[in-house]
S.K.: 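Could you have a look at this structure, given as structure tokens, before my questions?
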Amino acid sequence: MKHFRSYRFPPLSQFIAAGQRASNEDTDGQWQASVSEGFEQGQRDGYEVGLVQGQQDGYDTGRNDGMTQGREEGRNETLVALDRLARPVDAILRDLKKVRADYREAQRKEVVDLVAKVARQVIRAELALQPVQLLALVDETLASMPPTREEIDVFLNPEELKRISELDPKRAKRWNLIADARLDAGECRIKAGDNEVDAGCHQRLSACMEQVSSHLALAAEHADQGAPA
């Protein structure tokens, strides 16, 4: 006759606790795996998004920089081309301005020479009629010179000296009149002490013509400034 030993099953609570532990371990493992997978997926997604965005930003920046550089290079090339084309025109304009300036200068010289020629003829005719007017020039010149107690020598053309002595001997005796054949009619030179000046008509006429030429040049300059470019 066989003997049987009775088997005692473990408590149910032990099975439940073991199942819960297994379930918790599986849940923890799945959660960690999910987190790791999500992190890796996030990295991949972030890399792809960043790559696409970086490519787009780089494209936009490169396009803008390229357009800016292209416009600047095009502008510089255009300016160089325009400058190259304008050089012959500028040279022509400079030549035209020089021709115009030379022509006006020649006109002014002709006007001044004509006025001087007429003035000399008038002076010559006036002195031929009234040579004593040279003495008025002597008075005017002496008034502008430093005063002196020394004898005053007045050098005149011999013919004019003779006529002055005949027409106005009283005024002629005021100074020491000396004939100088080197002097033309209407010319006069005064020596007072160490000072010697030209008091003749030629010197005065030359100074007057210089003023006329200066006024004409100034008028032409104003006309050029007011003329349209």
S.K.: How about CD on Glu196, more than 12 heavy atoms from neighbouring residues, nucleotides or ligands closer than 6.0 Å, or not?
M.R.: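 It does: Glu196 CD has more than 12 such atoms within range.
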
S.K.: Would you confirm whether Ser214, through its side chain, and Glu210, through its main-chain N or O, come within 3.5 Å as a donor-acceptor pair?
M.R.: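 Checking the backbone N and O of Glu210 against the side chain of Ser214, a donor-acceptor pair under 3.5 Å is found.
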
S.K.: Do the non-hydrogen side-chain atoms of Asp139 and Arg171 ever get within less than 4.5 Å of each other?
M.R.: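 When only atoms from C-beta onward are counted, Arg171 and Asp139 do touch, with a gap below 4.5 Å.
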
S.K.: Report yes if the side chains of Trp175 and Ile190 come closer than 4.5 Å at any heavy-atom pair, otherwise no.
M.R.: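 Side-chain contact under 4.5 Å: no.
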
S.K.: Do Asp168 and Arg174 meet the salt-bridge criterion of a basic N to acidic O distance under 4.0 Å?
M.R.: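 No, Arg174 and Asp168 are not salt-bridged.
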
S.K.: If the threshold is 4.0 Å, N to carboxylate O, is there a salt bridge linking Arg163 and Glu166?
M.R.: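 Judged by the 4.0 Å cut-off on N to carboxylate O distance, Arg163 and Glu166 do not form a salt bridge.
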
S.K.: With rounding to the nearest 0.5 Å, note down the distance linking CE in Met209 to CG in Leu205.
M.R.: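 The distance works out to 5.0 Å.
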
S.K.: Could you measure the distance from the NZ atom of Lys98 to the CG atom of Leu96? Nearest 0.5 Å is fine.
M.R.: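 CG of Leu96 is found 12.0 Å from NZ of Lys98.
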
S.K.: Is there a chain of hydrophobic side chains (I, L, V, M, F, W, Y, each step under 4.5 Å between heavy atoms) that links Val197 to Leu177?
M.R.: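 Yes, Val197 and Leu177 fall within the same hydrophobic cluster.
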
S.K.: Roughly how far, to the nearest 0.5 Å, is the CD atom of Glu150 from the NZ atom of Lys191?
M.R.: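 Answer for the NZ-CD pair, Lys191 versus Glu150, is 9.5 Å.
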
S.K.: Please examine the side chains of Leu156 and Ile178, heavy atoms only from C-beta on, and report whether any two atoms are closer than 4.5 Å.
M.R.: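 No, every pair of side-chain atoms sits at 4.5 Å or beyond.
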
S.K.: Crowded around Asp194 CG? As in, over 12 foreign heavy atoms under 6.0 Å?
M.R.: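 Atom CG in Asp194 is not packed in, count stays at 12 or less.
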
S.K.: What is the minimum heavy-atom distance between Ala179 and Leu161, and which atoms define it?
M.R.: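 So the two residues come closest at N-CD2, 3.4 Å.
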
S.K.: Using side-chain heavy atoms (C-beta onward) and a distance below 4.5 Å, is Asp180 in contact with Asn157?
M.R.: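 Counting from C-beta outward, Asp180 and Asn157 never come under 4.5 Å.
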
S.K.: Might you work through the salt bridge (Lys or Arg N to Asp or Glu O under 4.0 Å) test for Arg108 and Glu105, ending with a clear yes or no?
M.R.: CA-CA 5 Å; Arg108 289 195 296 270; Glu105 177 64 24; 2.4 Å; yes

S.K.: Go through the structure and list residues passing side chain to side chain contact (heavy atoms under 4.5 Å, CB included) with Glu151, not counting sequence neighbours.
M.R.: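 Partners of Glu151 under the side chain to side chain contact (heavy atoms under 4.5 Å, CB included) test: Asp153, Asn176.
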
S.K.: Please round to the nearest 0.5 Å and tell me the distance separating atom CD of Glu187 and atom CZ of Phe155.
M.R.: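 Nearest 0.5 Å value for the CD-CZ distance: 14.5 Å.
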
S.K.: With respect to Cys188, which candidate in Asp198, Leu137, Val138 satisfies the side-chain contact (heavy atoms from CB on, under 4.5 Å) definition?
M.R.: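 Considering Asp198, Leu137, Val138, a side-chain contact (heavy atoms from CB on, under 4.5 Å) with Cys188 is found only for Val138.
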
S.K.: Enumerate, atom names and distances included, each donor-acceptor pair closer than 3.5 Å involving a side-chain atom of residues 110-118, sequence neighbours excluded.
M.R.:
{"from": "Asp113", "atom 1": "OD2", "to": "Lys109", "atom 2": "NZ", "distance (Å)": "3.0"}

S.K.: Got a sec, which residues hit side-chain hydrogen bond (donor to acceptor under 3.5 Å, both in side chains) with Asn195, two or more places apart in sequence or on another chain?
M.R.: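 So Asn195 forms no side-chain hydrogen bond (donor to acceptor under 3.5 Å, both in side chains) with any residue.
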
S.K.: Do Leu142 and Ile164 share a hydrophobic cluster (ILVMFWY, side-chain heavy atoms under 4.5 Å, transitive)?
M.R.: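 Looking at the clustering, Ile164 is in the same group as Leu142.
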
S.K.: Can you check whether Glu160 reaches Leu134 side chain to side chain, under 4.5 Å on heavy atoms?
M.R.: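 A side-chain contact under 4.5 Å exists here.
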
